[in-house]
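What follows is a set of notes on a single structure, which appears directly below.
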Amino acid sequence: MDSTEITNEAMDFVQLYRKNRFKVGDMDFSFEELPKFDLLMTPFAILTAWNPNNQSTSSDINTKNNKLLENELKHLKFSFVEAVGYLDDHSEASFCVYDISFDQAIDLAKKFHQYSIFYNNAKTIGYYEVETSKVIIERELIDQ
């Protein structure tokens with residue numbers, strides 16, 4: 001994870017990423033409001049195939065893309081559950097993928113033309129730009 005200078009596009013997303021929320025099962029959390037639960041002790045990524053290249057795409061195409069991602073996760077034998085990323089009235093179906101390395105998460109996100117990923121390595125958590133693997137926004141996990 002490279003924390004050198006990020007792109008201007010990434011800087012534009014920092015405030016949105018601070019407010020974006022995730023639902024994983026009955027857990028609801030954000031970058032700013034991390035819950036106190038065991039999920040944070042295991043590496044995970046929140047991945048989606050919705051809106052490739054940050055371009056709005058029809059629900060039908062997004063659903064098909066996410067099904068392809070789900071099939072890829074099954075083929076690679078990852079443990080995962082359905083998740084939702086949301087902010088205000090926008091949401092994207094996603095997957096919380098457990099015990100995935102940062103590089104594996106980046107590679108999958110590249111395959112599905114995503115701009116960023118949300119990743120936890122059990123020490124730090126944050127958003128990372130897929131094209132460059134650079135930190136967009138990150139924080140340490142302390143006594144979560």
Side-chain angles (χ1 to χ4, degrees), residues 1-3 6 9-144:
M1 292 173 264
D2 186 355
S3 63
I6 60 173
E9 183 178 14
M11 287 301 296
D12 292 341
F13 285 104
V14 168
Q15 292 309 315
L16 290 174
Y17 287 157
R18 285 185 182 281
K19 295 188 279 186
N20 190 58
R21 300 195 65 82
F22 295 102
K23 287 183 184 177
V24 178
D26 61 353
M27 297 171 279
D28 190 312
F29 60 95
S30 71
F31 175 82
E32 294 287 328
E33 298 173 18
L34 294 174
K36 295 179 180 175
F37 60 90
D38 292 339
L39 176 62
L40 296 176
M41 304 310 293
T42 301
F44 72 87
I46 306 279
L47 300 176
T48 187
W50 275 55
N51 298 326
N53 301 313
N54 268 352
Q55 300 300 309
S56 291
T57 306
S58 75
S59 181
D60 287 345
I61 291 173
N62 282 328
T63 299
K64 287 177 186 174
N65 288 341
N66 242 30
K67 187 63 177 171
L68 292 172
L69 173 56
E70 181 180 14
N71 290 340
E72 183 77 9
L73 293 170
K74 287 177 181 176
H75 174 75
L76 295 170
K77 300 188 183 338
F78 281 112
S79 175
F80 63 94
V81 295
E82 291 182 359
V84 176
Y86 69 97
L87 177 63
D88 300 326
D89 62 351
H90 176 78
S91 65
E92 296 185 0
S94 305
F95 300 99
C96 181
V97 185
Y98 302 105
D99 293 316
I100 186 170
S101 74
F102 180 78
D103 290 337
Q104 289 169 317
I106 289 289
D107 288 346
L108 279 168
K110 281 181 183 176
K111 184 172 185 172
F112 290 92
H113 309 285
Q114 295 300 297
Y115 174 72
S116 65
I117 62 168
F118 186 76
Y119 187 76
N120 167 51
N121 68 10
K123 294 179 182 164
T124 58
I125 195 164
Y127 287 91
Y128 304 88
E129 195 174 49
V130 170
E131 184 178 323
T132 64
S133 298
K134 290 182 180 178
V135 173
I136 297 171
I137 185 172
E138 178 180 70
R139 65 184 273 198
E140 289 186 29
L141 295 175
I142 302 171
D143 296 318
Q144 294 294 322

What closest approach, in Å, do [X] and [Y] show between heavy atoms, and which atom pair accounts for it?
X	Y	result
D28	K23	OD2-CE, 3.4 Å
A83	I46	CB-CD1, 4.5 Å
N20	G85	OD1-C, 4.4 Å
I125	F44	CD1-CZ, 4.1 Å
S116	I136	CB-CD1, 4.0 Å

- Query: Run the side chain to side chain donor-acceptor pair (under 3.5 Å) check on E92 and Y86 step by step: do they pass?
  - Reply: CA-CA 6 Å; E92 296 185 0; Y86 69 97; over 6 Å; no
Roughly how far, to the nearest 0.5 Å, is the [atom2] atom of [Y] from the [atom1] atom of [X]?
X	Y	atom1	atom2	result
I117	K110	CD1	NZ	10.5 Å
S94	E82	OG	CD	10.0 Å
F118	F29	CZ	CZ	5.5 Å
Y128	I106	OH	CD1	9.5 Å

Student check: side-chain heavy atoms of [X] and [Y] closer than 4.5 Å:
X	Y	answer
V81	Y98	yes
L47	Q114	no
H113	Q55	no

Donor-acceptor contact below 3.5 Å, side chain [X] vs main chain [Y]:
X	Y	answer
N121	K123	yes
N54	Y115	no
N120	T42	yes
E32	S30	no

- Message: What verdict does the side-chain contact (heavy atoms from CB on, under 4.5 Å) test give for T124 and V135, after you've listed the backbone C-alpha separation in whole Å, the side-chain angles of each residue and the deciding distance to 0.1 Å?
- Response: CA-CA 11 Å; T124 58; V135 173; over 6 Å; no
- How are the rings of Y127 and Y17 set to each other: parallel, tilted or perpendicular (split at 30° and 60°)?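 Taking Y17 first and then Y127, their aromatic rings lie parallel (interplane angle under 30°).
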- side-chain contact (heavy atoms from CB on, under 4.5 Å) assessment of R139 paired with L34: CA-CA 11 Å; R139 65 184 273 198; L34 294 174; 3.8 Å; yes
- Query: What do the steps show when you test L108 against V97 for side-chain contact (heavy atoms from CB on, under 4.5 Å), and what is the final call?
  - Reply: CA-CA 11 Å; L108 279 168; V97 185; 5.8 Å; no
- Query: Looking at residues at least two apart in the chain, or sitting in another chain, which of them share a ring pair (Phe, Tyr, Trp, His ring centres under 6.0 Å) with F95?
  - Reply: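 Ring pair (Phe, Tyr, Trp, His ring centres under 6.0 Å) list for F95, sorted by chain: F80.
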- Sequence neighbours excluded, which residues qualify as side-chain hydrogen bond (donor to acceptor under 3.5 Å, both in side chains) partners of K67?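 side-chain hydrogen bond (donor to acceptor under 3.5 Å, both in side chains) check on K67 returns E70.
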- Message: Between Y119 and E138, is the side chain to side chain donor-acceptor pair (under 3.5 Å) condition met? List the steps.
- Response: CA-CA 9 Å; Y119 187 76; E138 178 180 70; over 6 Å; no
- Message: For N65, run the side chain to side chain contact (heavy atoms under 4.5 Å, CB included) check against I61, T63, L69 and tell me which one passes.
- Response: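 Exactly one candidate clears the test, I61.
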- Tell me, please, which residues at least two apart from N62 pass side chain to side chain contact (heavy atoms under 4.5 Å, CB included).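 Testing N62 for side chain to side chain contact (heavy atoms under 4.5 Å, CB included), a comparison that skips the adjacent residues, returns W50, N51, P52, T57.
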